[in-house]
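By convention here, the first residue in the shown sequence is residue 1.
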Amino acid sequence: MKKVSVIMPTYKRCDFICRAIDSVLNQTYSNFEIIVIDDNGADSPVRKEMIEIMQKYQLDSRVKYIRNSKNMGGALARNIGIKEASGEYITFLDDDDVYLPTKIEVQYNAMIQNGWDASIMDGATYNSEGKLLSKKKQMISTNPNYKELMVAHLMYHLTNTNTFMFKKESLESIGGFDDIIACQEYILMLKAINGDLNIGYIPQTLVACYIHEGERISTGEKKVRAEYILIEEKKKYFDLLNQNQRKYVLCRHHGVLFYVQFKRKKYAIALVHALKGFAYSPIGTYHLYKEYKGKLKQ
């Protein structure tokens, strides 16, 4: 039973960090370490609060607490965790989300049994009261080939980071996370696919992600800019898609921008993106609405 390192960057999440850490400590798999990377400013009130919170775990050898000297962002913070990890396998957890008790055990066993370099699972999103908003089922087979992975990633995104598990050596071979403004997890999986890693899929939902009030990159200006960068990256692989698939990707692009602008209360811009998405794919628009309708109410 090999060690699994759980990388957990944290930034302005003092209200949730203990819930995330405790969900790992309560795993049925026992050989793990948690690496918490405090990405708050060194002199900030949040850093002082985090230091106090982490005293709860100072006697637990499974929890390693690293304090960045300055805010570096999620990608670089995770890369620090990867470098410090002593486990042969690496997985990730956002500081406001949780693992269900068997997450690591199920994913590790599947990795070992199938000889995978990386794996991904399904996910679910809840509001702050614990109401289920949406489920995400990955649109791939258990042992997908390159084209199946790439088509699914272009169309539906084989994410989120919480559901990833990598062999450490495989993760290091593709260079870890890129330091970009958003969509780091998308680019990481793209690199894994292009890096010819053996990637598997486990059709189980063992991670709970939460939407709540507060700062979120997923609905900020950085997300808008990143989405335009992302669609240009996707277009490089359009030769792998048929015409309807390309239209769906473009529909999804505008659907994401609709969601972000709607959450930012820029309703006129949101409407423009909704209409553009519908023009590309009415059916795709309907599926995206089903995916986002719960989140729109939050």
| Same apolar cluster: Y259 and I283, side chain cutoff 4.5 Å | no
| Do R78 and I37 come within less than 4.5 Å of each other through their side chains, counting heavy atoms only? | no
| What residues form a salt bridge (charged side-chain N to carboxylate O under 4.0 Å, His left out) with K48, not counting sequence neighbours? | none
| note | Shortest non-hydrogen pair, L93 vs N162, comes out as CA-OD1, 3.2 Å
| request: Apply side chain to side chain donor-acceptor pair (under 3.5 Å) to Y146 and N194, showing your working. | output: CA-CA 8 Å; Y146 172 83; N194 280 326; 3.0 Å; yes
| Between I34 and I21, which heavy-atom pair has the shortest distance, and what is it? | CD1-O, 3.8 Å
| said: Can you confirm whether or not the ring centre of Y89 sits under 6.0 Å from the ring centre of F166? | reply: no
| query | Mind checking whether H253 and Y228 have ring centres under 6.0 Å apart? | reply | yes
| request: Look at the side-chain heavy atoms of Ile, Leu, Val, Met, Phe, Trp and Tyr, link any pair under 4.5 Å apart, and say whether I211 and V207 land in one connected group. | output: no
| For the student: nearest non-hydrogen atoms of D39 and G74, plus distance | OD2-N, 4.4 Å
| Taking the six-membered ring for Trp, are F32 and Y108 ring centroids under 6.0 Å apart? | no
| query | Does one hydrophobic cluster hold both I82 and V4, with members joined at side-chain heavy-atom distances below 4.5 Å? | reply | no
| Thinking salt bridges, do K135 and D122 make one under a 4.0 Å N-O criterion? | no
| note | residues 236-251 vs salt bridge (Lys or Arg N to Asp or Glu O under 4.0 Å), sequence neighbours excluded, gives E233-K236
| When rounded to the nearest 0.5 angstrom, what is the spacing between OH in Y201 and OG in S141? | 10.0 Å
| Heavy-atom closest contact (K222 atom, I181 atom, distance) | O-CD1, 3.6 Å
| field | Any side-chain heavy-atom pair of D22 and K56 under 4.5 Å | value | yes
| query | Could R264 and E221 be called an ion pair, given the rule that one side-chain N must be under 4.0 Å from one carboxylate O? | reply | yes
| task | Could you label the plane-to-plane angle of the F262 and Y267 rings as parallel, tilted or perpendicular, counting under 30° as parallel and over 60° as perpendicular? | result | perpendicular
| said: Tell me whether Q243 at atom CD has more than 12 heavy atoms from other residues, nucleotides or ligands lying less than 6.0 Å away. | reply: no
| request: Ignoring hydrogens and angles, state whether a donor on the side chain of T91 or K103 is under 3.5 Å from an acceptor on the partner side chain. | output: yes
| query | How about Y57 and Y65: are their ring centroids closer than 6.0 Å? | reply | no
| request: Please check if any side-chain donor atom of N40 sits under 3.5 Å from a side-chain acceptor atom of D38, or the reverse. | output: yes
| field | Test side chain to side chain contact (heavy atoms under 4.5 Å, CB included) applied to S173 and L197, step by step | value | CA-CA 10 Å; S173 74; L197 298 190; 4.2 Å; yes
| Does E88 come within less than 4.0 Å of K168, counting only side-chain N to carboxylate O? | no
| said: I need the I231 CD1 to C183 SG distance, nearest 0.5 Å. | reply: 10.5 Å
| request: Describe, in one word, how the ring planes of H157 and Y186 are oriented to each other, choosing from parallel (under 30°), tilted (30 to 60°) and perpendicular (over 60°). | output: tilted
| request: Treat each ILVMFWY residue as a node, draw an edge where side-chain heavy atoms are under 4.5 Å apart, and state whether V36 and F16 are in one component. | output: no
| message | Can you confirm whether the side chains of K136 and T159 place a donor and an acceptor under 3.5 Å from each other? | response | yes
| field | Interatomic spacing from CD in E84 to CG in N79 - rounded to 0.5 Å | value | 12.0 Å
| Where is the tightest heavy-atom contact between L158 and H153, given as atom of each residue plus distance? | N-ND1, 2.9 Å
| request: Cation-pi check, R19 to Y210: give yes when NZ or CZ is under 6.0 Å from the six-membered ring centre and within 45° of the ring axis, no otherwise. | output: yes
| request: Work out which heavy atom in I17 is nearest to a heavy atom in M50; give both atom names and the distance. | output: CG2-SD, 4.0 Å
| query | Does I199 belong to the same Ile/Leu/Val/Met/Phe/Trp/Tyr cluster as L188, with side-chain heavy atoms less than 4.5 Å apart forming each link? | reply | yes
| said: Using a strict threshold of under 4.0 Å (side-chain N to carboxylate O), is an ion pair present between K64 and E33? | reply: no
| field | With E148 via salt bridge (charged side-chain N to carboxylate O under 4.0 Å, His left out) - residues at least two apart | value | none
| message | Applying side chain to side chain contact (heavy atoms under 4.5 Å, CB included) to Q204 and T102, what does each step give before you reach the verdict? | response | CA-CA 11 Å; Q204 295 188 48; T102 61; 5.5 Å; no
| request: Kindly indicate, with the supporting measurements, whether the criterion salt bridge (Lys or Arg N to Asp or Glu O under 4.0 Å) is fulfilled by D43 and K70. | output: CA-CA 9 Å; D43 299 322; K70 61 180 180 179; over 6 Å; no
| query | Are D96 and R13 close enough for a salt bridge, meaning some N to O gap below 4.0 Å? | reply | yes
| said: In this structure, is the centre-to-centre distance between the rings of Y156 and Y248 below 6.0 Å? | reply: yes
| request: Any chance you could measure Q245, atom CD, to C251, atom SG, to the nearest 0.5 Å? | output: 13.5 Å
